[in-house]
Amino acid sequence: MENTLMKSVAKPFVSIKNNYAFEISDEFEKLTGYLRTELLGKSISEISNILKIDTQVNLKDIESDCSCYIFTKEHEPREVTISCKRIQSENQQIYFIKEKRNSRIEDTIPYAASILEDNDVGVAIYSICYNILLKANEKFFIFSKIPHEKIENCIGNKWQEVFTHKEEHFEIFFLNIIKSGKPFHLKEVKWEIPGEGDTYWNLSFVPIIIKGETKYLVQTATDVTDKIVSRNIIEKQKQELEVIIENISDQLILFNKNGEYIKMNKMARDKAMFNIKAAKNFNEAYEEVKIYDMKDNLLSVEDVPLKRVINGETFSNVRVIRKNSEYTQYTSISGTPIYDDNGNFIAGVLIMRDITDEVKYEENLYIKAQYDSLSKIIDNLDLGFVRLTYPEFNFVDINNKAYEQLKQISPNIVLQSSIKGKNLYEVFLEEPHMKELLHTSPKNNSFFEIRNFNIEGEDIFSKIIYQPLYGFNNEIVEIIVFWIDVTEEEKSKEVLECTLKMQEEIYSNVAHELKTPLNVIFSANQLLLMYLKNNLYEENKAKFYIYSNSIKQNCYRLTKLINNIVDLSKSQAGYFKLNLSNENIVEIIENIEKSVSDYVKSRELRIVFFSNVEEKIIACDPIRIERFMLNLISNAIKFTNPAGAIYINVLDKGDTVEISVKDTGVGIEKEHLDLLFEKFYQIDKTLSRNAEGSGIGLSLTKSIVDLHGGNISVDSEIGKGSVFKIELPVRTIEKKKVKEQTQYNDNKIETINIEFSDIYSID
């Protein structure tokens, strides 16, 4: 009878006999997603648990129609009506399950599916009628203090079991929302999450009303921890800055574009020469305090420091005299305007320091002390030295060397003492160009001229350097002249120009690079000598190995630097030549990549080689190719963090071959890219830069590429890496012109040690 009944009804049903499931309909499988094999033999309690209805109703208690939610195998809620047919004689119950029409969440609140997909926001949907959780995403469980809980274990539970915050007011406002049918929002709620500490969330509770009844409650939780933490940090920094400003030893005044005082620190208030409470702005303060320059000239209103800042001027350590009815103060003032993003003036800053004692001391002692100490040295300098008054240009002093040089030019001068007091332009047979140079040279800078004097038929060249000396009012008080005989250099001018240019660049860019390895070598050598002198060799044998390797490593560094300087000098002088031969450029580049692979791996990096052709014969110098490739790979290693990669590609482009070295390193700012191949150019000019280098390598690389008739370019993005591309022309030379080529692989290990010496230690 029961089988006939079940077969005649095309409904989802489960048949329970003796408390265990023994029949499942096809429709039940379709509705729930569970297979018969997963349910047959399960107890009625297990069935209730699987369908997650035990928090709503007990299947055993169902006599007639009962509404509730069941949950599919995919944890999707289905609102159903369950009815029970009992067959007492067989101890059997048949539970018929019918899904309510148009009851699915995606039908009633279509936007729910989309917001649940957005895992940046915690979302939970509750059934109001059954007081259970219907759906939620992973972000919600982070918020609800159960980050390691599986979602499927929470679906179908009462909201009190899911929302584990036990504060009483949450239960109250849950009930109020349900009762009123109005949404409720909480901002910046502080939540303590285990393992993470305090977090902050914006919460929203929105009731969903269907046919006049509150059917669902949608809860969202947005993590605003970063925003709150950043705001708290900024506020703390602002407070700390206020404390610093208030307690700095200089006077600080902040004012607006109308000259009204916004803020003064403690020192400014203590040192104010006007009534702070009465004078609210500059004009009122200027009635009490007048400002003069260091020549004691009253400054106009537009020339005072505050007005200069309002007019957009930035200046530093301008000396002025401030006076009121009671006393005078010498003050050093720095001023800076502050603008908004649109370039509008919003505030100005003045930083003032009382230098009254300093000025008085300088006035009494400074100049005299300097002249007294210098005068003892100057007379015997092997360098011409002259002091001239300004603006008269009369001789104040002249040393022995300058007198000898001047007497050659003006033989009518008899005594050295007779020159003092005379005008410069009376003594010189040929007038110097000092006046013109003085007016055209930047203020506070020295300037020079090269003069050619014909003495007894012989050309004598002198470099005359003029250095203005400034007084306290920043006005020139004297001119110091240095006179240097440069005849020998001028007679070989071409060599001199090259030498001076190279000297300037080497002194400013290479001194540190030479000094560093030398210091290491000297230090290691001193330690080795100390151990030997004190018979400490045996117990320090391991250190001998370390220091020996250190010396070797830094010798490689010196060798690299010297090689680069020599080759770059040859390049600039036109003596840097290529030894061309017809070679397979793909094989050359691949061999270089293989030779450095161990070095790259030791830095926890990957190196990848790729070519779109197996062979490409071009005329090139293999040794020079290896030189610039090792330089580019060395740079890539230096500026790529561990776990990064270096990609070396050779691409046949028909008339050209493109060789590229790409890294995943720190990248280079756009402003530096155009200057990267200039001699001695370094992005980080400081002597304590993170990566060693003289700034020669890329310039030399460009020279080698240029000699091959190719070109080099670079593209980079900060944080993503750089790629250097070299394009070489595809051409060959006649075999009869091929010079004998030494095997460039013979000393490859030594070459790599030298080229990589500024990034690797030698084992």
Side-chain angles (χ1 to χ4, degrees), residues 1-108 112-113 116 124-127 129-138 141 146 149-159 161-162:
M1 173 182 173
E2 61 274 15
N3 292 337
T4 302
L5 175 62
M6 289 187 287
K7 290 177 182 178
S8 65
V9 180
K11 288 183 181 181
F13 68 82
V14 54
S15 179
I16 305 295
K17 189 171 184 180
N18 295 324
N19 203 39
Y20 291 96
F22 79 99
E23 181 64 31
I24 303 293
S25 70
D26 294 340
E27 289 75 12
F28 187 88
E29 284 186 323
K30 292 177 183 179
L31 176 63
T32 65
Y34 289 102
L35 300 176
R36 286 183 174 86
T37 54
E38 295 176 284
L39 299 178
L40 290 176
K42 301 289 185 184
S43 69
I44 191 169
S45 297
E46 289 174 323
I47 295 293
S48 297
N49 182 261
I50 290 172
L51 299 179
K52 300 184 185 298
I53 62 176
D54 46 5
T55 58
Q56 309 163 65
V57 64
N58 192 327
L59 281 176
K60 294 180 179 180
D61 297 334
I62 296 176
E63 296 293 341
S64 57
D65 291 349
C66 175
S67 295
C68 66
Y69 275 95
I70 67 171
F71 291 85
T72 69
K73 188 175 182 179
E74 298 299 324
H75 317 299
E76 293 293 332
R78 297 291 181 257
E79 189 175 7
V80 300
T81 300
I82 301 177
S83 57
C84 178
K85 175 68 176 179
R86 297 181 182 275
I87 303 174
Q88 297 295 340
S89 61
E90 300 291 335
N91 193 19
Q92 180 179 354
Q93 303 89 37
I94 304 172
Y95 293 94
F96 295 94
I97 302 172
K98 180 180 181 182
E99 184 178 5
K100 294 185 179 181
R101 182 177 296 179
N102 299 325
S103 64
R104 296 189 179 185
I105 291 175
E106 54 266 34
D107 297 329
T108 54
L116 282 163
I125 303 175
Y126 303 94
S127 166
C129 179
Y130 303 104
N131 195 27
I132 61 171
L133 176 66
L134 299 178
K135 298 194 73 147
N137 62 4
E138 292 182 2
F141 291 104
I146 43 176
E149 182 65 83
K150 292 183 178 179
I151 294 176
E152 55 265 32
N153 292 340
C154 298
I155 296 297
N157 290 352
K158 297 293 184 181
W159 74 264
E161 298 173 4
V162 176

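Keep in mind it's a predicted model, so treat the numbers as computed, not measured.
How far OG of Ser103 is from OH of Tyr69: 6.5 Å, rounded to the nearest 0.5 Å. The OG1 atom of Thr32 sits 8.0 Å away from atom CD1 of Ile24, with the distance rounded to the nearest 0.5 Å. For the atom pair Asn18 CG and Ile44 CD1, the distance stands at 12.0 Å (nearest 0.5 Å). Between Ile50 atom CD1 and Ile53 atom CD1 the span is 10.5 Å, to the nearest 0.5 Å. Atom-to-atom distance recorded for Ile94:CD1 and Ile87:CD1 is 4.5 Å, nearest 0.5 angstrom. Between the CD1 atom of Ile97 and the CD1 atom of Ile82 there is a distance of 5.0 Å, given to the nearest 0.5 Å.
For the side-chain hydrogen bond (donor to acceptor under 3.5 Å, both in side chains) with Ser15, the lone residue among Glu90, Glu23, Gln92 that qualifies is Gln92.
Under the salt bridge (charged side-chain N to carboxylate O under 4.0 Å, His left out) criterion, Glu74 pairs with no residue, sequence neighbours left out. Here Tyr95 pairs with nothing under the ring pair (Phe, Tyr, Trp, His ring centres under 6.0 Å) rule; sequence neighbours left out. Taking Ala136 as the reference, Ala124, Leu133, Phe140, Phe141 meet the side-chain contact (heavy atoms from CB on, under 4.5 Å) condition, with sequence neighbours excluded. Taking the side-chain hydrogen bond (donor to acceptor under 3.5 Å, both in side chains) definition, one finds that Asn102 meets it with nothing, sequence neighbours left out. Looking at residues two or more places apart in sequence or on another chain, you find no side-chain hydrogen bond (donor to acceptor under 3.5 Å, both in side chains) involving Asn58. Under the salt bridge (charged side-chain N to carboxylate O under 4.0 Å, His left out) criterion, Lys73 pairs with Glu38, not counting sequence neighbours. In terms of the salt bridge (charged side-chain N to carboxylate O under 4.0 Å, His left out) criterion, residue partners of Glu76 (sequence neighbours excluded) are, by chain and number, Lys135. Residues forming a side-chain hydrogen bond (donor to acceptor under 3.5 Å, both in side chains) with Thr72 (at least two apart in sequence, or on another chain): none. With sequence neighbours excluded, the residues that form a salt bridge (charged side-chain N to carboxylate O under 4.0 Å, His left out) with Glu29 are Arg36.
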side-chain contact (heavy atoms from CB on, under 4.5 Å) between Val80 and Ser67, worked out:
CA-CA 6 Å; Val80 300; Ser67 295; over 6 Å; no
Evaluate side-chain contact (heavy atoms from CB on, under 4.5 Å) for Ile132 paired with Phe71, printing each intermediate quantity in order.
CA-CA 12 Å; Ile132 61 171; Phe71 291 85; 4.1 Å; yes
Does the side-chain contact (heavy atoms from CB on, under 4.5 Å) test come out yes or no for Leu39 and Val14, once each step is laid out?
CA-CA 9 Å; Leu39 299 178; Val14 54; over 6 Å; no
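When atom types are taken as modelled, the side chain of Thr55 and the backbone of Gly156 share a donor-acceptor pair closer than 3.5 angstrom. Panel note: side chain Ser25, backbone Lys11; a donor-acceptor pair is recorded below 3.5 Å.
A ring-ring contact (aromatic ring centres under 6.0 Å, His included) check over residues 35-54, counting only residues at least two apart or in different chains, returns nothing. Residue pairs that meet the salt bridge (charged side-chain N to carboxylate O under 4.0 Å, His left out) test with at least one member in residues 53-66, sequence neighbours left out, are Glu63-Arg86.
Cation-pi contact between Lys17 and Phe22: present, with separation from the ring centre below 6.0 Å and deviation from the ring axis of at most 45°.
The 12-atom threshold is not exceeded at CD of Glu138, counting heavy atoms of other residues, nucleotides or ligands nearer than 6.0 Å.
Relative orientation of the Phe96 and Phe13 rings is tilted, given thresholds of 30° and 60° on the angle between their planes.
Closest approach of Leu31 to Glu99, counting heavy atoms only: CD1-OE1, 3.6 Å. When all heavy atoms are compared, the tightest approach of Lys42 to Glu46 is CA-OE1, 3.3 Å.
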